[in-house]
Amino acid sequence: MRFGIIADIHANLEGLQVVLEDIKKQGCTHVACLGDVVGYGANPKECLDIIRGMNIPVVKGNHDEYIGSTEDPEGFNDAAAEAVTWSRNQLTHDDRKWLRELKYKRFVANFTIVHSTLDVPERWGYVFEKLQAASSFTYQTTQVCFFGHTHVPLAFIKDTAVRGGSYYPVLRMEAGRKYFVNVGSVGQPRDGDPRAGYVVFDIAAQTIELRRLEYDVATAQRKIRDAGLPERLARRLAEGR
Ligand code: ZN
């Protein structure tokens, strides 16, 4: 079984389309989504319709939570908060209910998916370092857990100790080790590489491969500007920041 694992789409339709085409080309028969389908980008409704229509396992991201709810977003900068309000108005009541009802973590096949961390997923902690990964590993009962939220594709490995996070073009899994792997971001990469990112997980071959793909950044940027969303949200797509 080959899974495409996608995260942090952030209403970027151009990024999502390119990734979904590649998932097919890569021979993936299944897809799982780690949340933040909406927020920041100009196509929340289109991206949500695609993801809902695919009927795949999806977990809730912080943007999904805030855009789904009616409360003021906490801990968001002005640009992000403005995007939350704008995005809410693009979605139907039913879309927002769907976002609200997403779970924080899920088991899929033989692995786990979560947006942030397994220890306290609703607190939206960011994992950039071993110590942060170690807390999540404590709650990880499967050999592999995929996560998102930072938009930076890093892998953490635990055997007698926790190692990482490192960039990983390809991980070959070994028995006796656990893996906590960030799959990067489809719609707003932040590792300095503007290409859309996602992972192909081959369960039989025990490999986790990071894919990076060029997409039409200029169109995604133009739509953000046309929607009157903050300029910074358009600019960062070209920078991968
Ligand atoms: Zn995100």
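Ligands are counted one by one from 1 in listed order, and the atoms in each one are counted from 1 as well. Just the heavy atoms: all of them, side chains too, but no hydrogens, waters or symmetry mates, feed the values below. Not measured: the values here are computed from a predicted model.
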- Message: No waters, cut-off 2.8 Å: how many protein N, O or S atoms are close to the Zn ion (ligand 1)?
- Response: 4

- Any luck finding a side-chain donor-acceptor pair between Asn12 and His10 under 3.5 Å? no

- Query: Is there a donor-acceptor contact under 3.5 Å from the side chain of Gln206 to the main chain of Ile203?
  - Reply: yes

- Query: With respect to Cys47, which candidate in Leu13, Val38, Val186 satisfies the side-chain contact (heavy atoms from CB on, under 4.5 Å) definition?
  - Reply: Leu13

- Note on the structure: In terms of heavy-atom contacts, Phe180 and Ser116 come closest through CZ-O, 3.8 Å

- Task: Measure from NZ or CZ of Arg236 to the centre of the six-membered ring of Tyr40, then state whether that distance is under 6.0 Å and the direction lies within 45° of the axis.
- Result: yes

- Query: Which pairs with one or both residues in residues 80-100 pass ring-ring contact (aromatic ring centres under 6.0 Å, His included), sequence neighbours excluded?
  - Reply: none

